[in-house]
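A short write-up of the structure that comes next.
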Amino acid sequence: MISKEPPITPELVAEHGLKPDEYQRIRDLIGREPTFTELGIFSAMWNEHCSYKSSKVHLRTLHTQAPWVIQGPGENAGIVSIGDGLAVVFKMESHNHPSYIEPYQGAATGIGGILRDVFTMGARPIACLNALSFGDPSHPKTRHLVAGVVAGIGGYGNSFGVPTVGGQVRFHTRYDGNCLVNAMAVGLIEVSKIFYAKAVGVGNPVVYLGSKTGRDGIHGATMASAEFGDDAEEKRPTVQVGDPFAEKLLLEACLEIMAKDCVIAIQDMGAAGLTCSAVEMGAKGDLGITLDLDKVPCREPGMTAYEMMLSESQERMLMVLRPEKEAEAEAIFRKWGLDFAVVGETTPTKRFVVRHRGEVVADLPIKELGDEAPVYHRPYVETPRPVPLLASEVQAPVTLADALEKLLASPDLCSKRWVYEQYDHLILGNTVQRPGGDAAVVRINEGPKALALTTDVTPRYCEADPFEGGKQAVAEAWRNLVAVGARPLAVTDNLNFGSPERPETMGQLVGCIRGIGEACRKLDFPVVSGNVSLYNETNGRPILPTPTIGGVGLIDDVALVATLAFKAEGEAILLVGETQGWLGQSLYLREICGREEGAPPPVDLALERRAGEFVRELIHDRVATAVHDVSDGGLLVAIAEMAMASGLGARLYGAPVMIPPHAFWFGEDQARYVVTVPQGEAEAVIARARGAGVTVRRLGVTGGDALQLPGERPMLVQVLTERFESWLPAYMAGHAP
Amino acid sequence: MKARVTVTLKAGILDPQGKAIEGALRSLGITGIASVRQGKVFDIEVEESDRAAAEARLKEAADKLLANTVIENYRVEVLG
Amino acid sequence: MKARVTVTLKAGILDPQGKAIEGALRSLGITGIASVRQGKVFDIEVEESDRAAAEARLKEAADKLLANTVIENYRVEVLG
Amino acid sequence: MRASIIVFPGSNRERDAARALRLVCGCEPHMVWHADTSLPPGTDLVVLPGGFSYGDYLRCGAIAARAPIMDAVRAHAAAGGLVLGICNGFQILCEAGLLPGALMRNAQLRFTCKDVYLRVERSDTPFTRGYNAGQVIRIPVAHGEGNYVADGETLARLEGDGRIVFRYCAPDGSLDPKANVNGSLAAIAGIVNERRNVLGLMPHPENHVEAALGCTDGRGLFAGIAEHLAAAA
Ligand SMILES: Nc1ncnc2c1ncn2[C@@H]1O[C@H](COP(=O)(O)OP(=O)(O)O)[C@@H](O)[C@H]1O
Ligand SMILES: [Mg+2]
């Protein structure tokens with residue numbers, strides 16, 4: 001139908017990331033050759049990022065139901081009821097490839113995108129978190145990426161005005177050419193005022209809102225699903241620039257017109273902007289959509305239909321409005337200084353028709369664009385189960401004190417203060433627990449309820465044993481929520497893997513999803529939203545499998561929040577949970593012995609649940625004075641973190657005779673917490689634990705200015721703190737890692 | 001030697017600052033401004049007497065640090 | 001008409017960014033940079049055919065908005 | 001007391017400020033849109049809240065300082081009314097010429113959010129009568145451009161007239177350069193105008209008014225303002 005567009009050649013098809021059989025399927029569907037614009041539309045809709053073609057069949061197995069779930073996966077974000085007519089809306093999403101190419105803007109637009117997902121549903125964002133994985137600190141690009149990504153996250157979130165309250169930062173050489181930037185946004189909504197993407201009614205105006213369209217990120221969605229070679233730098237011109245100011249205005253304007261009941265359906269323009277949003281609105285509503293591209297506000301002259309349909313310019317939305325409210329909605333948008341244009345309408349035809357300069361440049365069946373996207377049962381091989389490593393096979397340190405000091409100053413364990421101090425974590429005035437604890441705690445409105453928020457994953461466990469690693473990521477998120485006193489509600493997952501076309505990598509994806517499903521079922525902790533990012537690899541080397549879990553929990557009364565700092569001298573320090581001394585895949589093994597091997601610690605989900613419920617009761621009954629879960633680095637690291645947070649030391653008892661000391665103190669056995677209670681309560685707590693089927697062991701007594709272990713030099717809390725706090729700032733100031 | 005490195009956004013890259021300034025000028029009653037794009041200048045004192053050598057050094061500085069060549073262009077002028 | 005307004009810090013005003021850039025260049029191994037001071041440029045498209053009128057309008061823009069004359073100087077060039 | 005909070009596009013701590021006024025002063029502030037040209041009648045305190053007005057593009061606070069409502073704010077100040085600029089509000093006051101000097105990029109070139117200690121230099125202003133002179137308070141900062149600069153003459157005048165009301169300090173009140181969180185001249189965190197009815201400060205007292213959030217050192221500022229207005233009435 002269009003003469004000026006380039007002819008479709010096999011090369012052009014390949015450049016669009018479509019395989020020959022996929023192209024054939026397109027021809028069969030529409031019964032002719034697609035136009036260039038249509039090819040672009042298909043490539044956007046059918047790429048991995050939008051279609052989930054490799055992961056879909058496996059994602060269906062996840063546990064997504066619970067009585068408190070209002071909206072599970074499939075919408076812009078998941079929604080969970082928190083009582084009082086309120087619900088929490090949340091989702092995590094990756095912006096990995098754009099962040100590697102331009103770390104500041106890549107990370108910034110990642111935050112912008114996930115915030116839009118949340119406020120598109122009508123929620124006001126109340127918190128952000130992020131999970132970051134970078135290459136080895138000695139890799140020449142790592143420092144630049146850390147600096148840019150952190151500044152970008154802060155630059156966007158701070159200006160937009162949402163507190164960034166938590167996250168994690170990890171380093172490993174397997175992320176050298178492919179960092180991970182996973183961002184999570186959390187919003188608050190009234191249950192009766194939720195908005196969806198589903199278009200309703202024929203002849204209703206389709207309205208374009210927000211910033212103008214430029215040539216930003218054309219093919220960004222395709223890029224997000226392409227692996228990197230050494231020529232990654234050459235893919236640069238697709239960089240999108242974020243405008244947090246415009247997004248803040250968009251938020252306020254959207255919430256205002258939603259409150260005025262103008263909106264039938266709303267969808268943000270994310271990856272593959274106008275294409276994905278329009279198709280989704282039509283397909284969900286069983287309607288057709290007609291767009292007139294001459295009406296689209298453009299930033300640059302001479303943009304083609306293809307460019308407009310694939311542009312990823314940020315801070316834009318598409319809405320279906322109630323026709324009688326059009327003028328009112330427009331006035332609100334003009335007041336906020338934003339573009340507003342009626343660009344199309346809903347039709348009964350179930351076709352996606354796009355017009356530009358008097359010509360029809362696309363005319364496609366709307367349902368098939370989404371529903372008929374290829375779904376792959378990709379071949380996979382399961383990761384062989386690793387052999388557990390015995391503690392006797394792992395060398396003991398010269399002294400436990402030396403090992404502890406070294407661990408605390410290691411890149412993964414050290415304080416991330418340098419990072420989170422660049423994020424405004426206090427704005428909105430509801431941050432009860434700031435970054436640095438097990439989970440962030442954000443009060444809901446004026447209280448007394450609050451949300452607990454965390455992001456977790458241990459990629460080295462997932463690499464060694466995807467199933468156990470998947471379980472562990474969920475269990476650790478659950479544990480971090482419990483450790484502050486919350487009732488875990490639900491999770492969002494962000495699955496970052498290499499190429500699904502490699503059976504080994506596909507096996508990791510399948511294994512992790514199974515593990516996540518298992519843990520979510522057993523812990524009653526459903527998945528309500530998520531995102532899959534595949535093809536994270538450089539020169540054929542995939543990243544560590546990284547299924548990041550974002551967990552949300554509910555606290556009924558902010559006054560009953562637990563923190564990890566020791567509270568007073570002379571209190572009993574107790575270990576809740578069972579210890580074998582599991583050193584396989586531990587940080588002790590990696591940082592002290594230079595080995596990465598063995599099986600990761602298995603997660604006994606029944607035990608996890610018992611231990612967690614026990615600890616939550618201790619917090620609720622105000623018996624526990626400090627609580628910290630035991631994770632990376634093991635028991636001694638957990639105790640050191642409690643000491644550093646308070647400035648108080650502790651006198652510790654020796655390890656049980658059955659377990660070598662280094663395995664006891666640095667093993668990473670799961671389902672454990674360190675809890676302090678007033679001395680006088682210790683016996684009762686231990687008895688209560690016995691009744692609950694939970695093991696509790698006395699570890700020592702708080703007090704003094706050092707950690708003291710029998711036969712070891714005293715470890716001054718101040719010295720530990722110095723080690724803990726100095727690695728990251730020194731590294732970022734240019735010192736050798 | 002004195003030099004100036006001027007860094008400007010590549011064509012087509014969104015300039016939210018420029019856009020905000022356009023709006024502000026308009027509301028200040030300053031009309032007839034069709035577009036504003038904001039860039040940076042670096043006024044640099046180089047310890048170097050050879051012009052070409054100074055220029056080479058500044059190019060290196062611009063490539064490695066002063067400009068983000070993903071989204072920006074730069075120009076080096078040695079003023080002598 | 002195209003024009004450029006260049007805004008630079010007044011002498012004597014400390015420039016933390018410039019200082020930091022000096023340090024960063026040094027740690028990148030780029031030596032011989034005695035000092036760096038950072039400023040801004042605005043590339044402006046003026047709807048005006050008269051040079052003097054364009055200049056006057058830009059001066060007004062700089063005085064009223066583009067420069068903070070407490071700490072900054074500016075220069076207007078109409079490029080035609 | 002009648003407080004008005006000016007909301008610019010991009011302001012984002014206006015709700016925090018409103019909550020502090022509500023909790024400490026029992027006053028429900030008016031939200032005033034930047035495009036308005038007058039303040040609600042009877043306004044005795046104007047608050048310019050934190051945030052990124054107009055994205056903080058160009059220079060922090062520069063565009064907001066030229067917004068329509070600012071003439072009314074100027075007139076309010078000229079008539080002796082109280083004006084409190086917090087963070088972005090301080091930047092706006094400097095850009096508007098209601099306070100001297102300018103706020104530049106933090107010396108460490110990074111946005112910084114953390115608790116800092118402030119020494120209250122005098123308790124005889126409308127804004128600080130809730131504190132004792134020399135008192136050390138813990139208040140969070142959250143800004144990227146809070147590095148106060150002014151020429152020598154201006155600084156001499158500020159010092160001479162005792163118009164520096166808050167300085168960054170160590171927990172014991174000493175002026176440790178390490179405690180100067182953004183490299184400000186003379187560790188300046190907040191200053192008043194000559195008449196002492198306009199205060200600008202970078203830290204956020206409005207975020208430290210509730211025990212549930214860990215610290216109430218910010219209450220003194222709002223309580224002091226309420227007291228001053230009550231006494232003046
Ligand atoms: N990227 C980040 N953004 C914000 N906070 C972070 C980030 N990385 C780490 N933190 C904070 O530092 C603390 C320690 O992180 P981590 O070691 O991952 O905790 P845990 O082992 O309990 O999951 C947490 O409170 C976390 O929220
Ligand atoms: Mg934890």
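Below, chains carry the letters A, B, ... as their sequence lines are ordered, and counting in each starts from 1.
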Turns out that what part of B/Lys19 lies under 4.5 Å from chain A's heavy atoms comes down to side chain

What do the steps show when you test B/Lys2 against B/Glu45 for salt bridge (charged side-chain N to carboxylate O under 4.0 Å, His left out), and what is the final call? CA-CA 5 Å; B/Lys2 283 193 192 314; B/Glu45 184 74 50; 3.0 Å; yes

Turns out that what part of A/Ser313 lies under 4.5 Å from chain B's heavy atoms comes down to neither

**Message:** Once you measure the plane-to-plane angle for A/His16 and A/Phe36, does it fall in the parallel (<30°), tilted (30-60°) or perpendicular (>60°) bin?
**Reply:** perpendicular

Checked B/Gly23, B/Ala11, B/Gly12 vs chain A; the most non-hydrogen pairs under 4.5 Å come from B/Gly12

Under 4.5 Å to a heavy atom of chain A? For B/Ile71 that would be side chain

message = With a 6.0 Å cut-off (strictly less than), is the heavy-atom count around NZ of A/Lys335, excluding the residue itself, greater than 12?
response = yes

Note: vs chain B, highest number of non-hydrogen pairs under 4.5 angstrom among A/Glu102, A/Arg299, A/Glu300 is A/Arg299

Between A/Phe134 and the options A/Leu180, A/Val146, A/Asn178, the side chain to side chain contact (heavy atoms under 4.5 Å, CB included) test singles out A/Val146

Any donor-acceptor N or O pair under 3.5 Å, side chains A/Thr213, A/Arg316 = yes

